[in-house]
S.K.: 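Structure incoming, see below.
Predicted model only: the values in this text are computed from it and were never measured. First listed ligand is number 1; within each ligand, the first listed atom is number 1.
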Amino acid sequence: MDTRLSVSLLAGLVILLHGFTAWAAVEVNMEDRVEVFKGETAQITCMFTSDDGIGALTIQWFYVLKTGEKQSIYYQDATVQSVERGTQFTDRISVNVTAATGEVLLTVNDVQLKDQLEFICLVMSLTDGFSEGRTKLLVFERPDYLSIEGVQTGIYANEDTLSRIGFCEVKNGFPKPNITWYRNNTPLQAVPDAIKVVHSTTTESSGLFSVSSELSLKVMKEDKDAQFYCEVTYLVPGGTKMIETNLINITVYYPSTAVHVWVESPKGKIKEGDSITFHCHGNGNTPSSVYTIKHNDNEYGLENNMLVLENVTRRHSGIYECTSMDMETYEELLGNTTVFVNYLDSAVVLPTKMELDQGEEMTATCNALSSLQTHTAWFKDGQEVSVGHTLRLKDATFDLAGTYTCVVTVPEIDGMEKMQPLRVNVKGAPEIMKPEQTDFEESLANKVDLTCQVRGFPAPDVIWTTSDGKVLEPTSHTEEEDSVYSVLSMAVTSDLTTFCNATNKYGADALTFNIKAIVHTTAAATTTTSTSATTSTSTTTRTSVLSTSTESSGVIIAVIIICILLLAILGSVLYFLYKKGKICGRSGKQDLTKEKSSKDNIVVEMKSDNTEDAVLLGVNGEKLPYSSQ
Ligand SMILES: *[C@@H]1O[C@H](CO)[C@@H](O)[C@H](O)[C@H]1NC(C)=O
Ligand SMILES: *[C@@H]1O[C@H](CO)[C@@H](O)[C@H](O)[C@H]1NC(C)=O
Ligand SMILES: *[C@@H]1O[C@H](CO)[C@@H](O)[C@H](O)[C@H]1NC(C)=O
């Protein structure tokens, strides 16, 4: 007995000292770790080999307490299979032994965070000794509620201290997730006096971790365009996962280093009367800058970096200096621009008015002072009559009289234009313009309007008279630039001749109007009468007008008088022959016919009538009148 006991004690010591590998026949193999999400089912496998049958083996599961001691959770031998009571696993584990493959499977249901422990599988043989293996159970939880928040207020660049940029947070992860900040896709690491990242971890009551991170930077001007975000890395069974926040940017205020001022409008050359819009901007963006523009002794405040000067004159020419004053630093920056306001003075026409004698020649000039090259032209009645400063009028006639306008323009600038009129009068006796109608036929009691337009300078006096010397009051009298218009509106009472007489110190002119009153009898009769009447009156008027107006008309009158005389002679000859023929009977008929035909030729020439009429008259000398055909 003593020997046996001592042998077995020795064996136990040997086992303890040298481990089971060298001596024990039982061997156990286990994975280092088993990874599983919280709430899922973990399976821990324990592989064993033993020469003994399953009936000779004892299998036990433990977990390791924080103190390092083992806490049994399961026991099994040939007769007993039992889950240890009163542990965190009591209701959640089951063990399945497959003797054929030498596999013991511990299943843990609904894995909890506190289950992250080391598990021990111990297999003991009655004869071959024992062996144990260990597996760590690792529990995971995906984090949620990832958020990022940027600083909303503007940040001044180049401050001495670091400025807060943003804050990231992720909640409920296990194990602890990591947060990394990125600026423009580059991860940020803490750099003294430049980059600071402060992480903090909270353990929730559930045991999960919430992690937050705050980024502070020494902000530079370039950061105005930078984009920041957080990346969260966390472990999952078998690997690492990553999620990113959305991007944030920050408002960076940076002071100006230069100021620029310019004329925004008008583009191109400026003229008097324009509105000038100045813009003045610094190349910084600090909201605390105040802008002013100075010109000579004037100082203007700017609104929205803009200044509008309305209706400028040449006095607005010069240098405009824009000052930006940073109200934080009291730093002043200057920029300037030069403005030139072009001008065109009023045109001066000399002489201011002109009075020419008929046939005279005169010259006028037109000048306007301008900062730019000008173009001068003269217009009359909308037509360009001369180009250049000088207007030369030659061989003055009434047609030359009127209002000339000198127009000075600056070709370089649209809308720069000055005008000055010049009144030109041509002295001379009145000249009545021949109206369309001087002969009227109107029914009794109707009205006729007689118009008399007279040229002449000085403006002629116009009076209306009837042929019996009665003076008529004109209905209207208008004196225009180069004509006098006088209108006489009168009721037709009887046939009437009216004169329009115009006079000034150089002479007189007159115009005759003939008014024929029409008396209505029967419609047919009236028509015939009026036709013949028109012919006769118009002939009369033509003769009278011709006799008063020109010398050559005198010749025509003489011719006509001779014609009438010849006709009278012819008439009396014919009458004499007729009488003679009656006395002498029909004996002289042959000779008579001959004589008649030669005289007929004369008639044809004189009257310019057609030959048929003449022949008729000759052949049918006795027959009266030819119009009966
Ligand atoms: C978090 O960062 C620590 C320290 O850099 C590192 O050891 C750990 O593996 C990281 N965890 C993850 C999930 O990336
Ligand atoms: C951030 O960038 C977006 C788009 O680029 C822009 O609309 C927004 O105003 C920026 N925000 C800040 C604070 O700069
Ligand atoms: C008007 O002119 C007509 C025609 O020449 C003339 O007969 C008449 O006497 C003149 N009347 C006056 C008032 O001069």
S.K.: Could you pull out, from Asn178, Ile179, Thr180, the option with a heavy atom nearest to atom 2 (O) of ligand 1?
M.R.: Asn178
S.K.: Does the side chain of Trp464 come under 3.5 Å of the side chain of Ser486 through a donor N or O and an acceptor N or O?
M.R.: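 Side-chain D/A pair, Trp464 to Ser486: present.
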S.K.: Can you tell which part of Thr233 has a heavy atom less than 4.0 Å from ligand 1: side chain, backbone, both or neither?
M.R.: both
S.K.: Among Glu442, Lys516, Lys447, find the one that has a side chain to side chain contact (heavy atoms under 4.5 Å, CB included) with Val492.
M.R.: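 Testing Val492 for a side chain to side chain contact (heavy atoms under 4.5 Å, CB included) against Glu442, Lys516, Lys447 leaves exactly one candidate, Glu442.
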S.K.: Would you call Asp110 and Arg92 a salt bridge, taking side-chain N to carboxylate O under 4.0 Å as the test?
M.R.: no
S.K.: Any idea which of Thr497, Asn501, Leu511, Thr512 brings a heavy atom closest to atom 8 (C) of ligand 3?
M.R.: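 Considering heavy atoms of Thr497, Asn501, Leu511, Thr512, the nearest to atom 8 (C) of ligand 3 sits in Asn501.
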S.K.: Are side-chain N/O atoms of Gln71 and Tyr63 paired as donor and acceptor at under 3.5 Å?
M.R.: no
S.K.: Examine ligand 3 and decide if any of its atoms is less than 4.0 Å from a heavy atom belonging to Ile463.
M.R.: yes
